[in-house]
Amino acid sequence: MKLIRNKYLCVKYIDLMTEDFKEPIPSLQVAQGSVAWQTPSNIALVKYWGKRDPQLPENPSISFTLKNCHTNTKVDFVKRTITDGEFSFDIIFEGEKKEAFKPKIQKFFERIQEYVPFVSEYHFTITSDNSFPHSSGIASSASGMSALSMCLMSIEKQLNPEISETYFYRKASFLARLGSGSACRSVKGNLVVWGAHPEIAESSDLYGVPFSEEIAPIFENYQDTILLVDKGEKQVSSTVGHQLMHGHPYAASRFSQAVENISKIKTFLKSGAIKEFIALVESEALTLHAMMMTSQPYFILMKPNTLEIINKIWAYRAENDSNICFTLDAGANVHLLYPENEKEKVHSFIETELSIHCQNNHFIHDELGYGAKEMK
Ligand code: DP6
């Protein structure tokens, strides 16, 4: 749907289609430069699990953008003298040249080349580090792919200064999605919806959009402590897990349940119905893992300590009239979510009761954040 003649200059109500991101970029001559962005990780409340080509979600999802778990990426670029359509880049991760990361970036560049043709015209030096330990089990693909996508959009902006802010952020999210689905929810804050939903204005399968409704005060500055139960490599990657939703016996009902859950969580977030919010978020987490346990082949990513923690959360909530709850991503770690007004008590509960179930007693305190930040 094209509502306007010049989409670059439009700031509102644009419904961008894949073709719109392919517009030839009126290239100014930029010989070299340097751009840098910091982007956070995110944690889904209603989960994305199941996708189709090209990296489109089978159902809409909504996430909290985090603040402290983030990736910093700097891209130095210099015009290549040859134009052979190949990609030329180096990756320096946490101070070391990383050949092992190259195939993933090569594949990402191949996927996005038709939208950012300049990727083959420059040599890139990509320097990146995470605020959280690499082997913590925290997915670095969301923050990593979104940071790189923001850098590429900053380069596009230098080549075409005309692009609007809306187009800039939507295309950054669009590119990030092609790197890793959930990465498209890391560009903005503080809640982001990815996937077309009839009750979410401007929502799209192509990119994430900020949840634009007002949220009740209890959800402001919401806290998330990540309990690092298992820092090892997962036996089954998310990408493989998504594929197993094809032909899954419960796929159709799961996808329509997620659509309904987005409608429900929207009203809970607005009204402050925290008990209903908790029930929905925990059910989403367990449904995600139930999908894994009922796929063919089946698998389990939770560990005994994941269940120890969940049981302690339930007991604490009942005994203390508390509003803590948990969610899980595709791994054994537990995200403990709670309102800011319980912070002090919950921190001491974590230290005395929960940290013993974490690998090396390791956990990370985080909270709602506001998305990508340009680094000068
Ligand atoms: C369980 O975004 O990591 O965290 O698109 O294959 O890169 P790819 O998968 P990824 O999947 C994340 C799945 C999840 C739920 C979610 O974040 O919504």
Side-chain angles (χ1 to χ4, degrees), residues 39-66 69 71 101 103-105 107-108 111-112 136-149 173-188 191-195 197 203 205-209 211 224 226 230 233-246 248 251 254-255 257-259 261-262 265 280-293 295 299-302 306 326-335 337 366:
T39 63
S41 188
N42 70 73
I43 180 70
L45 304 170
V46 173
K47 309 288 181 182
Y48 146 58
W49 198 243
K51 64 176 169 181
R52 58 189 192 281
D53 277 342
Q55 199 101 296
L56 296 167
E58 292 287 8
N59 64 259
S61 56
I62 184 168
S63 53
F64 275 151
T65 304
L66 298 180
C69 291
T71 297
F101 289 2
K104 200 169 179 185
I105 303 299
K107 205 165 154 207
F108 177 53
R111 275 199 191 159
I112 63 171
S136 58
I138 297 177
S140 56
S141 59
S143 52
M145 285 299 176
S146 53
L148 182 54
S149 300
S173 174
F174 173 90
L175 297 176
R177 182 198 103 234
L178 291 167
S180 174
S182 56
C184 77
R185 298 189 311 240
S186 274
V187 161
K188 287 275 184 174
L191 280 139
V192 175
V193 176
W194 169 38
H197 188 283
S203 57
D205 284 354
L206 301 177
Y207 45 80
V209 293
F211 179 74
D224 176 8
I226 307 159
D230 187 50
E233 187 86 10
K234 287 185 283 187
Q235 308 116 294
V236 182
S237 71
S238 290
T239 304
V240 170
H242 287 293
Q243 296 313 326
L244 294 175
M245 287 304 281
H246 293 296
H248 191 294
R254 161 59 197 153
F255 300 145
Q257 177 196 44
V259 174
N261 278 348
I262 295 272
I265 206 167
L280 187 149
V281 167
E282 292 190 344
S283 159
E284 271 289 322
L286 295 178
T287 301
L288 168 71
H289 284 258
M291 290 300 112
M292 300 173 193
M293 291 190 246
S295 62
F299 59 105
I300 301 180
L301 295 183
M302 289 187 281
T306 311
F326 72 87
T327 188
L328 307 166
D329 56 18
N333 295 338
V334 179
H335 286 249
L337 305 175
D366 210 332

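Numbering of ligands and ligand atoms starts at 1, following listing order. The first residue in the sequence is number 1, and the count goes up from there. The structure presented is a predicted model; accordingly, all values stated were derived computationally and were not measured.
- Neither the backbone nor the side chain of Ile43 comes within contact range of ligand 1; no heavy atom lies under 4.0 Å.
- Applying the 4.0 Å criterion to heavy atoms of Gly181 picks out, from ligand 1, the atoms 2 (O), 5 (O), 7 (O), 8 (P).
- For ligand 1, the polar-atom distance check against Lys47 finds no nitrogen or oxygen pair separated by under 3.5 Å.
- In this structure a side-chain-to-backbone donor-acceptor pair under 3.5 Å is present from Arg177 to Pro54.
- Under the side-chain contact (heavy atoms from CB on, under 4.5 Å) test applied with His335, the options Leu45, Val281, Asp329 reduce to a single match, Asp329.
- Among Ala285, Ser182, Cys184, the residue whose heavy atom sits closest to atom 2 (O) of ligand 1 is Ser182.
- For ligand 1, the atoms lying closer than 4.0 Å to a non-hydrogen atom of Ala330 are 1 (C).
- A distance-only check finds a donor-acceptor pair linking the side chain of Thr65 to the backbone of Lys188 [under 3.5 Å].
- Each of the atoms 2 (O), 3 (O), 5 (O), 7 (O), 8 (P), 10 (P) of ligand 1 lies under 4.0 Å from some heavy atom of Ser180.
- Looking at ligand 1, you'll find an N or O of Tyr48 within less than 3.5 Å of one of its N or O atoms.
- By heavy-atom distance, the residue among Gln55, His242, Met145 lying nearest atom 12 (C) of ligand 1 is His242.
- Just one residue in the list Ser143, Ser141, Ser140 forms a side-chain contact (heavy atoms from CB on, under 4.5 Å) with Ser180, and that residue is Ser141.
- With atom 6 (O) of ligand 1 as the reference point, the heavy atom nearest to it among Met291, Lys51, Arg177, His289 is part of Lys51.
- Remark: side-chain polar atoms of Thr39 are not paired, donor with acceptor, to backbone N or O of Ser186 under 3.5 angstrom.
- Remark: Ile262 CD1 to Asn59 CG distance equals 7.5 Å, nearest 0.5 Å.
- Once rounded to the nearest 0.5 Å, the distance linking NZ of Lys104 with CG of Leu148 reads 11.0 Å.
- Between Ser63 and Tyr48, the closest side-chain pair of non-hydrogen atoms is not below 4.5 Å.
- Of all the atoms in ligand 1, the ones that sit under 4.0 Å from a non-hydrogen atom of Ala44 are 16 (C), 17 (O), 18 (O).
- Every atom of ligand 1 is numbered from 1 in the order shown, and the set under 4.0 Å from a heavy atom of Arg185 is 16 (C), 17 (O), 18 (O).
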